[in-house]
Undergrad: 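Okay, handing you the structure first.
These numbers were taken from a predicted model, which means no experiment stands behind them. First the proteins, then the strands, lettered A, B, ... as listed; each starts at 1.
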Protein chains: 2
Amino acid sequence: MMTSLAHGAGPLIRKLERLIRLNDDERQALDQLPLRIATFEPGHEITRQGDRPQHCVAVLEGFCSVSKIVGEGGRSIVSFHIPGDIPDLQSLHVAEMDVSLTALTKTRVLLIQHEDARRLCAQSAAITHAFWRETLIAGAIAKEWVVNLGQRDALARVAHLFCETIARLEVVGLADDRRCHFPVTQEQLGEAMGLSTIHINRTLQELRSRGLISWERGDLEALRWEDLKAVGDFDPGYLSLAPDWVVLR
Amino acid sequence: MMTSLAHGAGPLIRKLERLIRLNDDERQALDQLPLRIATFEPGHEITRQGDRPQHCVAVLEGFCSVSKIVGEGGRSIVSFHIPGDIPDLQSLHVAEMDVSLTALTKTRVLLIQHEDARRLCAQSAAITHAFWRETLIAGAIAKEWVVNLGQRDALARVAHLFCETIARLEVVGLADDRRCHFPVTQEQLGEAMGLSTIHINRTLQELRSRGLISWERGDLEALRWEDLKAVGDFDPGYLSLAPDWVVLR
DNA sequence: CGATCGTTTGAAAGGTATCAAGCGCGGTGG
DNA sequence: CCACCGCGCTTGATACCTTTCAAACGATCG
């Protein structure tokens with residue numbers, strides 16, 4: 001892991017602006033935050049289950065997964081994270097990490113020292129609420145994954161994940177026209193969807209043969225968006241993409 | 001639904017005290033909150049998916065489920081809630097409910113008007129953090145459900161749910177000696193675990209025949225706790241039951 | 001050019017769903 | 001008080017989705 005000092009928390013501010021309206025003081029407080037940027041190579045663990053980290057992570061570039069160790073040597077991916085996400089806000093409140101955070105691609109992250117994050121929260125209720133909202137959306141996505149894993153067969157499950165991913169990436173400008181980069185392996189897809197790699201492969205073939213998606217070398221495209229949504233039983237409501245946020249000040 | 005005015009937010013205070021240390025001012029502010037208590041009969045929806053509620057719900061007595069509508073007429077239970085839980089905190093932040101909250105038993109709840117909750121948050125950072133923490137724990141449980149549904153077979157899945165439920169109920173004094181009341185039907189268990197009612201039934205028989213549990217008329221007992229934990233691959237870490245909370249003030 | 005990783009294919013085994021039907025008990029009404 | 005009813009639980013047989021095992025393929029890389 002390489003770290004370096006950085007000035008300016010532009011990406012973090014943009015992220016928070018999506019969650020709540022910041023005033024100048026808050027923007028300035030964020031901008032003056034002593035921030036460290038770290039880069040991780042694919043497969044490297046940013047935070048490990050059992051760690052007691054002293055900082056939070058905001059993803060700037062790249063893709064990460066949150067996973068838990070299962071039984072004997074297994075691993076279960078519990079969520080994917082994209083630029084703009086803060087995947088480990090719980091570390092502010094719970095001492096020991098109950099999950100691991102892993103870089104799926106080369107990933108640049110902002111390290112926010114806990115003391116700085118706490119000071120920010122103490123200074124600004126709006127920032128506290130923005131963090132809380134980030135937690136709420138992550139929870140809503142997790143609930144939808146519970147539905148996905150519990151109720152839908154392989155085809156619908158993968159279709160749903162693709163819809164969710166495209167929808168989330170569109171918000172941060174990383175998907176246009178239902179097309180995005182989503183560089184996960186079929187094995188990782190399987191660990192996330194509760195399916196064997198082999199069945200993921202066959203499911204992808206089915207989605208492709210139905211003309212619903214194309215996916216090569218990590219480039220995903222929904223060829224028939226409405227049909228893909230229908231197959232995946234996808235309703236983006238839970239993502240709170242149109243934030244009719246209640247004003248909290 | 002019947003409502004009545006109530007004075008004193010004892011149960012809510014006890015709940016929050018588990019999440020954070022309250023000072024006298026905060027305790028008093030909570031105690032003076034104009035609170036309404038409502039009672040719901042089994043099967044009744046406390047809040048419906050699509051609603052725009054003006055209040056939050058704190059469970060005082062009884063059991064609830066949070067569920068989502070799936071595809072054609074299906075229902076997926078995403079979480080169970082026990083006394084002390086505040087299952088719909090997201091309604092403070094997101095206008096439209098993306099889930100339904102249903103009473104599984106006769107249930108008494110505290111209705112906290114959003115304006116009151118917001119005033120409380122504005123007055124006390126500690127209460128804000130307590131709510132946020134409640135959200136974080138709910139998220140951790142949801143992630144563990146993702147693991148449960150994605151990675152474990154029926155036997156382990158049900159065993160894990162029973163362990164989790166007993167552990168959570170012990171915290172609020174509703175389980176002693178690995179024994180508790182957990183009055184859900186096998187159908188509801190199936191909707192939560194992504195299994196057919198029939199397979200739930202066979203799984204319960206297997207758990208019983210192995211001498212791991214007894215379960216009659218909603219009374220659940222873990223007969224061999226350690227073995228049940230092993231079968232369910234249960235590690236209570238994610239529940240944050242021993243709150244080595246970081247002091248946030 | 002061998003090695004490795006990710007993907008793909010085939011065949012067999014296994015876990016779970018579905019269909020169909022019977023059981024048992026508490027509640028209701030005659 | 002008893003017959004009936006309905007809901008939740010239980011059982012058996014079959015079908016289906018998904019896993020597992022085994023192996024080959026293709027690309028990238030040193």
Undergrad: Quick check: does any side chain N or O of E144(A) sit under 3.5 Å from a backbone N or O of Y238(A), one acting as donor and the other as acceptor?
TA: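 Such a contact is absent between E144(A) side chain and Y238(A) backbone.
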Undergrad: Extract, from 5' to 3' on DNA chain D, the first and final nucleotides lying under 4.0 angstrom from some heavy atom of chain A.
TA: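 Reading along DNA chain D, I get dT18(D) to dA22(D).
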Undergrad: Could you state the interatomic distance from CZ (R152(A)) to CG (L161(A)), rounded to the nearest 0.5 Å?
TA: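 Between R152(A) CZ and L161(A) CG, I get 11.0 Å after rounding to 0.5 Å.
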Undergrad: Check whether D98(A) reaches the backbone of G237(B) with its side chain - one donor and one acceptor, N or O, closer than 3.5 Å.
TA: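 Not at all, since once roles are kept as given, no pair shorter than 3.5 Å links the two residues.
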Undergrad: Of all of residues 184-196 of chain B, which get a heavy atom below 4.0 angstrom from DNA chain C, listed by number?
TA: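 Those residues whose heavy atoms fall under 4.0 Å from DNA chain C, taken from residues 184-196 of chain B in numerical order, are G194(B), L195(B), S196(B).
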Undergrad: For the atom pair CG (D177(A)) and CD1 (I166(A)), what is the distance rounded to the nearest 0.5 Å?
TA: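 Answer for the CG-CD1 pair, D177(A) versus I166(A), is 10.0 Å.
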Undergrad: Taking C-beta and beyond as the side chain, do F40(B) and V109(B) meet within less than 4.5 Å on heavy atoms?
TA: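 In short, these two side chains touch, coming nearer than 4.5 Å.
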Undergrad: Looking at E216(B) and R179(B), is any side-chain nitrogen of the basic one under 4.0 Å from a carboxylate oxygen of the acidic one?
TA: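 So R179(B) does not pair with E216(B) through a salt bridge.
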Undergrad: Got a sec: does the CZ of R48(A) have more than 12 other heavy atoms crowding it under 6.0 Å?
TA: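 Counting neighbours around CZ of R48(A), 12 or fewer heavy atoms of other residues, nucleotides or ligands fall under 6.0 Å, so no.
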Undergrad: Just wondering, do R210(A) and D227(A) contact through their side chains at under 4.5 Å, heavy atoms?
TA: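 Answer no - side chains too far apart.
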Undergrad: Going by the rule salt bridge (charged side-chain N to carboxylate O under 4.0 Å, His left out), which residues pair with D88(B) if we only count those two or more places apart in sequence or in a different chain?
TA: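 Here no residue qualifies.
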Undergrad: Quick one, which residues of residues 200-216 of chain B touch DNA chain D with a heavy atom under 4.0 Å?
TA: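 Contacting residues: N201(B), R202(B), Q205(B), R208(B).
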Undergrad: Describe, in one word, how the ring planes of W215(B) and F162(B) are oriented to each other, choosing from parallel (under 30°), tilted (30 to 60°) and perpendicular (over 60°).
TA: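 Parallel.
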Undergrad: Taking the six-membered ring for Trp, are F63(A) and H181(A) parallel (under 30°), tilted (30 to 60°) or perpendicular (over 60°)?
TA: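 Ring orientation, 0 to 90° scale: perpendicular.
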Undergrad: If you fit an axis to the five pairs at each end of the helix from dC1(C)-dG30(D) to dA21(C)-dT10(D), how big is the angle between those two axes, to 10 degrees?
TA: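 Rounded value for the end-axis angle: 30°.
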Undergrad: Please name the residue in the list I46(B), I82(B), T47(B), V59(B) that meets the side-chain contact (heavy atoms from CB on, under 4.5 Å) test with P87(B).
TA: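 Filter result, single survivor: V59(B).
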Undergrad: Does a side-chain N-to-carboxylate-O contact under 4.0 Å join R168(A) and D85(A)?
TA: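 Looking at D85(A) together with R168(A), the answer is yes, because their closest N to O distance falls below 4.0 Å.
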Undergrad: Take atom CD1 of I198(A) and atom P of dT7(C), then tell me their distance rounded to the nearest Å.
TA: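 It is 12 Å, rounded to the nearest whole Å.
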Undergrad: Salt-bridged, R202(A) to E206(A), with N to O below 4.0 Å?
TA: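 E206(A) and R202(A): not salt-bridged.
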Undergrad: Considering only heavy atoms, which members of residues 151-158 of chain A lie under 4.0 Å from some atom of DNA chain D?
TA: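 Listed by number, they are D153(A), A154(A).
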Undergrad: For a quick test of reading the model, state the closest non-hydrogen atom pair linking S100(A) to Q49(A) and the distance between them.
TA: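 Here S100(A) and Q49(A) meet closest at OG-N, 2.9 Å.
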